[in-house]
Amino acid sequence: AGRDPRGEYVMIRSEVLSLIDRAEGGADLTRDELACLLSLEGEEQQALFAAADRVRARTMGDGVHLRGLIEFSNICRMDCHYCGIRRSNRHVRRYRMAPEEIVAAARGAHRLGYGSVVLQSGEGDALDPEELAGVVRAIKATTPLAVTLSVGERTREEYALWKAAGADRFLLRHETADPELFARLRPGRRLEQRVQCLLWLRELGYQVGSGFMVGLPGQTVETIADDILLLKKLNVEMAGIGPFIPAPHTPLEDAAAGTVDQTLNAVACVRLTIQDAHVPATTALGSIHPRGRQLALACGANVIMPNVTPGKYRIHYQLYPNKICLREEPEQCAPCVAALILGEGRFVATGPGHSPRWTA
Ligand code: 5AD
Ligand code: FES
């Protein structure tokens, strides 16, 4: 890959196509090569998407796994510049679901046919660690659901407690692999600490999910290439990639949002780089484009995370504005998502949808 005087990646078409071929074959790409793929437009971008779609079909099949997302509390002690539920946002009505309500929401997800649930909250002790362990135990004892936690940077002991309670997976996006940008956007925290958490989760035997936002102010295709290389190094079982969407009443409220094309290029590159990872078609992408989730399913994604938070709570869990499904109840999203999947020529996968590495 070469660069023109403006710093843009220039490659002749045949070089691009052979780079895509190498990626499809599982070759390790350099930072510059990834940055080149992340910049593709037009027909070459379509070739990238087609390659990612073939890899997805080969490694993950045509089934789309559903993970019911339970946003059980929006209480947060962090103050991330991008996030709508950051501590200093006084416009947010704070809530926490009671343990019984969380378990009931999980049972509801099982009744809707979902094979797993994700329990997500702001960072902090909305539920004390023991209580959360109790919730995990109750769900595991009364349903066949796989349980994923997504409750932020915590101590190794807490992660161990929840693993012992039966949690199968943990989602902790690294957010951005640029250490300076990370420190600026997440006051008081360093990338290194977050990566340490991911390493603990791995040691403890969780299936690990991470990921990042696309289009953060100050991000470049090079840093997005670093994001992908970090996911590769961590060898994640799941990689979530969504556009950054500026949230009102946050320091980034006037920043530009990530674009659909940037995000799809990143999704496709992640699929080519970590070929057997679960990759969701994210709600954030569905929120900036009416067919965002469908587009992601066509370039590498194989998971959707329908919201199963009761309606009265979900309206208060707005990490970003114009989030889809805010006015829906779990029973309404289920048929909508099923129709979306069938419309793409795919089918709804059943069962817990473990990483293929776990079941193989
Ligand atoms: N736009 C898009 N995604 C966001 N997240 C947080 N705030 C925003 C935003 N403004 C993402 C982060 C977090 C996940 C739960 O939501 O990546 O890890
Ligand atoms: Fe919620 Fe479509 S997925 S309404």
Side-chain angles (χ1 to χ4, degrees), residues 64 66-74 76 78-86 89 92 112 114 118-123 148-153 170-177 181-182 185-186 189 194 197-198 209-217 219 227 231 238-259 262-263 266 280-288 290-294 297 304-309 311 314 317-343 348:
V64 176
L66 301 179
R67 313 343 193 155
L69 179 63
I70 306 173
E71 300 156 329
F72 69 86
S73 173
N74 63 359
C76 195
M78 291 288 294
D79 220 13
C80 305
H81 287 196
Y82 46 80
C83 184
I85 63 166
R86 67 200 297 266
N89 188 354
V92 177
L112 291 173
Y114 303 164
V118 179
L119 311 187
Q120 187 173 87
S121 71
E123 249 180 71
T148 303
L149 296 177
S150 179
V151 297
E153 293 173 44
F170 202 102
L171 297 184
L172 184 72
R173 288 187 178 178
H174 68 267
E175 312 296 6
T176 172
L181 187 60
F182 185 100
L185 298 181
R186 298 179 48 81
R189 292 262 134 205
R194 203 157 177 96
C197 288
L198 288 161
S210 193
F212 58 93
M213 285 173 282
V214 174
L216 288 167
Q219 206 180 29
D227 284 315
L231 294 178
M238 169 143 157
I241 296 118
F244 158 68
I245 307 173
H249 311 297
T250 66
L252 297 182
E253 62 184 346
D254 296 321
T259 68
Q262 282 173 316
T263 308
T282 56
T283 302
L285 189 55
S287 299
I288 62 164
R291 290 180 40 80
R293 291 178 295 179
Q294 290 89 327
L297 287 180
I304 292 185
M305 299 168 63
N307 200 319
V308 293
T309 311
R314 71 167 76 175
Y317 200 88
Q318 293 197 54
L319 309 180
Y320 49 83
N322 306 314
K323 193 176 164 200
I324 50 171
C325 310
L326 272 189
R327 312 268 153 209
E328 273 75 24
E329 290 288 343
E331 297 70 29
Q332 294 167 282
C333 290
C336 170
V337 155
L340 183 164
I341 291 167
L342 296 176
V348 176

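Counting convention: from 1, in listed order, for ligands and their atoms alike. Note that these values count all heavy atoms, side chains included, but never hydrogens, waters or copies made by symmetry.
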Checklist entry - Can you tell which of Glu175, His174, Arg173 makes a side-chain contact (heavy atoms from CB on, under 4.5 Å) with Asp227? => result His174
Item to check | Any N or O of Arg173 closer than 3.5 Å to N or O of ligand 1 | outcome: yes
Checklist entry - Considering only protein heavy atoms, which is closest to atom 9 (C) of ligand 1, and at what distance to one decimal place? => result Ile245 O, 3.5 Å
Checklist entry - Arg314 side chain to Cys325 main-chain N or O, any donor-acceptor pair under 3.5 Å? => result yes
Next on the checklist: Is it the case that the side chain of Thr282 and the backbone of Ile241 share a donor-acceptor pair, with hydrogens and angles ignored and the cut-off at 3.5 Å?
Outcome noted: yes
Checklist entry - What residue among Val308, Leu112, Ile304 forms side-chain contact (heavy atoms from CB on, under 4.5 Å) with Leu66? => result Ile304
Checklist outcome for this item: Excluding water, the protein N, O or S atoms sitting under 2.8 Å from atom 1 (Fe) of ligand 2 are Cys325 SG, Cys333 SG
Checklist entry - Is there a donor-acceptor contact under 3.5 Å from the side chain of Glu329 to the main chain of Gly311? => result yes
Checklist outcome for this item: Between Leu172 and Cys197 the two heavy atoms that sit nearest each other are CD2-CB, 3.7 Å
Checklist entry - When you measure from the side chain of Tyr320 to the backbone N and O of Ala284, does any donor-acceptor pair fall under 3.5 Å? => result yes
Next on the checklist: Would you compute the distance between atom CZ of Arg194 and atom CZ of Arg186 and round it to the nearest 0.5 angstrom?
Outcome noted: 4.0 Å
Checklist entry - Can Pro243 be said to touch ligand 1, with heavy atoms closer than 4.0 Å? => result yes
Item to check | Close approach, Gly84 and ligand 1, non-hydrogen under 4.0 angstrom | outcome: no
Item to check | Residue part near ligand 2, for Met305, under 4.0 Å between non-hydrogen atoms | outcome: neither
Item to check | Test item: Asn74 side-chain N/O and Tyr317 main-chain N/O as donor-acceptor pair under 3.5 Å | outcome: no
Checklist outcome for this item: In this structure, atom 12 (C) of ligand 1 is nearest to the protein heavy atom Glu175 OE1, 3.3 Å
Next on the checklist: By the definition side-chain contact (heavy atoms from CB on, under 4.5 Å), identify the one residue from Thr263, Thr259, Leu216 that meets it with Pro243.
Outcome noted: Thr263
Checklist entry - Closest non-hydrogen protein atom to atom 7 (N) of ligand 1, residue and atom name please, with distance? => result Tyr82 CD1, 3.4 Å
Checklist entry - Which protein non-hydrogen atom lies closest to atom 5 (N) of ligand 1, naming both residue and atom, and how far is it? => result Met213 SD, 3.7 Å
Checklist entry - Considering only protein heavy atoms, which is closest to atom 16 (O) of ligand 1, and at what distance to one decimal place? => result Leu319 CD1, 3.3 Å
Next on the checklist: Under a plain distance cut-off of 3.5 Å, with no hydrogens placed, do Asn307 and Glu71 share a side-chain donor-acceptor pair?
Outcome noted: yes
Checklist entry - Should Arg327 be listed as contacting ligand 2, given a heavy-atom distance under 4.0 Å as the test? => result no
Item to check | Part of Cys80 within contact of ligand 1 (heavy atoms, under 4.0 Å) | outcome: neither
